[in-house]
Amino acid sequence: MHYRITLSPEQALTIIQTLKLAEDSQILDITAFGDIFVKTNQTVTLYSFTDGTVSDVSDLIEEFGLPPVHLDLGDQWYQVSAQAMLHEKQYVLSPDECFCFKQALYEEGVYGPENITVIKILDYYTERLQQLTRTTHQHE
């Protein structure tokens, strides 16, 4: 993976508050596309702003790790092929930024460079949080 998102403790707290999560929630990882893995109690939840879903992925994390060693799952969660394409085009991210699809994939957006931009992570979450829907995870 070409882009690693690292957060200061202050940024993590602000994200937890922005997403209206329990105070004891722990951010496990954020993908280059702003999708976020959060652990609350023993549950790991994926807030996928890319897919527009919120899913319990505890069983998959336990089985495949984070980031997952399962290549298909890694590409699904981390958009590895898109990261490689963006890296080749020399896109860069500041510590408080992520990539996003200008038109969300779940709203007929195209999976390509013409539909990808850089955005402040907090702005992205604020803008798209209300669009997320809860899903029941099905193991593929």
Side-chain angles (χ1 to χ4, degrees):
M1 289 177 276
H2 298 282
Y3 300 94
R4 180 98 175 118
I5 305 293
T6 55
L7 300 173
S8 69
E10 295 80 20
Q11 289 171 314
L13 180 60
T14 303
I15 288 171
I16 287 169
Q17 292 168 342
T18 300
L19 296 179
K20 298 174 178 62
L21 303 173
E23 285 184 26
D24 64 341
S25 296
Q26 176 187 3
I27 296 173
L28 298 179
D29 204 6
I30 296 179
T31 73
F33 281 81
D35 299 332
I36 185 168
F37 295 87
V38 177
K39 184 174 185 175
T40 307
N41 298 321
Q42 297 304 312
T43 302
V44 179
T45 304
L46 169 58
Y47 291 80
S48 176
F49 291 85
T50 300
D51 296 332
T53 60
V54 177
S55 307
D56 179 343
V57 293
S58 303
D59 59 336
L60 291 172
I61 300 292
E62 188 174 316
E63 185 173 349
F64 297 108
L66 192 65
V69 293
H70 186 282
L71 289 179
D72 290 338
L73 193 55
D75 195 44
Q76 178 184 341
W77 284 353
Y78 286 85
Q79 311 297 327
V80 176
S81 55
Q83 283 192 49
M85 173 186 58
L86 295 166
H87 184 71
E88 286 175 16
K89 295 185 180 291
Q90 300 179 340
Y91 276 67
V92 293
L93 292 174
S94 296
D96 62 344
E97 295 177 329
C98 66
F99 295 112
C100 81
F101 292 94
K102 296 177 208 172
Q103 182 175 354
L105 297 180
Y106 55 89
E107 292 180 337
E108 309 300 317
V110 176
Y111 190 92
E114 68 279 358
N115 190 37
I116 296 173
T117 190
V118 174
I119 189 170
K120 299 281 185 194
I121 291 173
L122 286 175
D123 292 344
Y124 187 40
Y125 291 164
T126 301
E127 180 182 308
R128 300 246 173 114
L129 181 60
Q130 297 305 314
Q131 297 173 2
L132 295 181
T133 56
R134 292 212 172 258
T135 63
T136 303
H137 174 76
Q138 296 179 351
H139 188 75
E140 296 174 12

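For this chain, numbers begin at 1 and follow the sequence in order.
- Going from atom CD of Glu108 over to atom CG of Asn115 covers 11.5 Å, rounded to the nearest 0.5 Å.
- Both Ile119 and Tyr111 belong to a common hydrophobic cluster when Ile, Leu, Val, Met, Phe, Trp and Tyr are linked at side-chain heavy-atom distances under 4.5 angstrom.
- Listed here is the closest heavy atom pair of Ala22 and Thr40: CB-CG2, 4.1 Å.
- Between the CD1 atom in Ile36 and the OH atom in Tyr47 there is a gap of 8.5 Å [rounded to 0.5 Å].
- Here the side chain of Gln79 pairs a donor or acceptor atom with the backbone of Gln76 at under 3.5 angstrom.
- The shortest heavy-atom contact between Tyr124 and Gly34 is CE2-CA, 4.2 Å.
- The hydrophobic cluster containing Leu129 also contains Val54, counting ILVMFWY residues as joined when their side-chain heavy atoms lie under 4.5 angstrom apart, directly or transitively.
- No side-chain heavy atom of Glu127 sits under 4.5 Å from any side-chain heavy atom of Gln130.
- Cluster membership check: Ile5 shares its hydrophobic cluster with Val118, using side-chain heavy-atom separations under 4.5 Å among Ile, Leu, Val, Met, Phe, Trp and Tyr.
- Separating the CG atom in Asp51 from the CG atom in Leu46 is a distance of 7.5 Å, to the nearest 0.5 Å.
- Of all heavy-atom pairs between Tyr3 and Gln83, the closest is N-OE1, 3.0 Å.
- Thr53 is not listed as a side-chain neighbour of Tyr106, based on a closest heavy-atom distance of 4.5 Å or more.
- Here the CD1 atom belonging to Ile15 is positioned 4.5 Å from the CG atom belonging to Leu7, to the nearest 0.5 angstrom.
- Ile27 and Ile30 make their closest contact through CG2-CG1, 4.0 Å (heavy atoms, listed as atom of the first residue, atom of the second, distance).
- In the hydrophobic cluster analysis, where Ile, Leu, Val, Met, Phe, Trp and Tyr join through side-chain heavy atoms closer than 4.5 angstrom, Val80 is grouped together with Leu28.
- The closest side-chain heavy-atom distance from Phe64 to Val57 is not below 4.5 Å.
- The shortest non-hydrogen separation linking Ile116 to Tyr91 is O-OH, 4.4 Å.
- Using cut-offs of 30° and 60° for the angle between ring planes, the Phe49 and Tyr125 rings count as parallel.
- Ile61 is not listed as a side-chain neighbour of Lys39, based on a closest heavy-atom distance of 4.5 Å or more.
- Remark: Ile16 CD1 to Ser25 OG distance equals 5.5 Å, nearest 0.5 Å.
- Side-chain contact between Ile121 and Gln11 is absent, with no heavy atoms from C-beta onward closer than 4.5 Å.
- Between the OG atom in Ser58 and the CZ atom in Phe37 there is a gap of 11.0 Å [rounded to 0.5 Å].
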In a table with atom names and distances, give each donor-acceptor pair under 3.5 Å that connects a side chain of residues 96-105 to protein atoms at least two apart or in another chain.
from	atom 1	to	atom 2	distance (Å)
Asp96	OD1	Lys120	NZ	3.4
Asp96	OD2	Lys120	NZ	3.1
Glu97	OE1	Ser94	N	2.9
Glu97	OE1	Ser94	OG	3.4
Lys102	NZ	Glu114	O	3.1
Gln103	NE2	Glu107	O	2.6

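- Under 3.5 Å, the side chains of Thr50 and Asp35 contain a donor-acceptor pair of N or O atoms.
- Contact record, Met85 with Gly112: CE-C, 4.4 Å, taken as the closest heavy-atom pair.
- Between the side chains of Asn41 and Thr43, no donor N or O sits under 3.5 Å from an acceptor N or O.
- Side-chain atoms of Asp29 and Arg4, non-hydrogen and from C-beta on, do get closer than 4.5 Å to each other.
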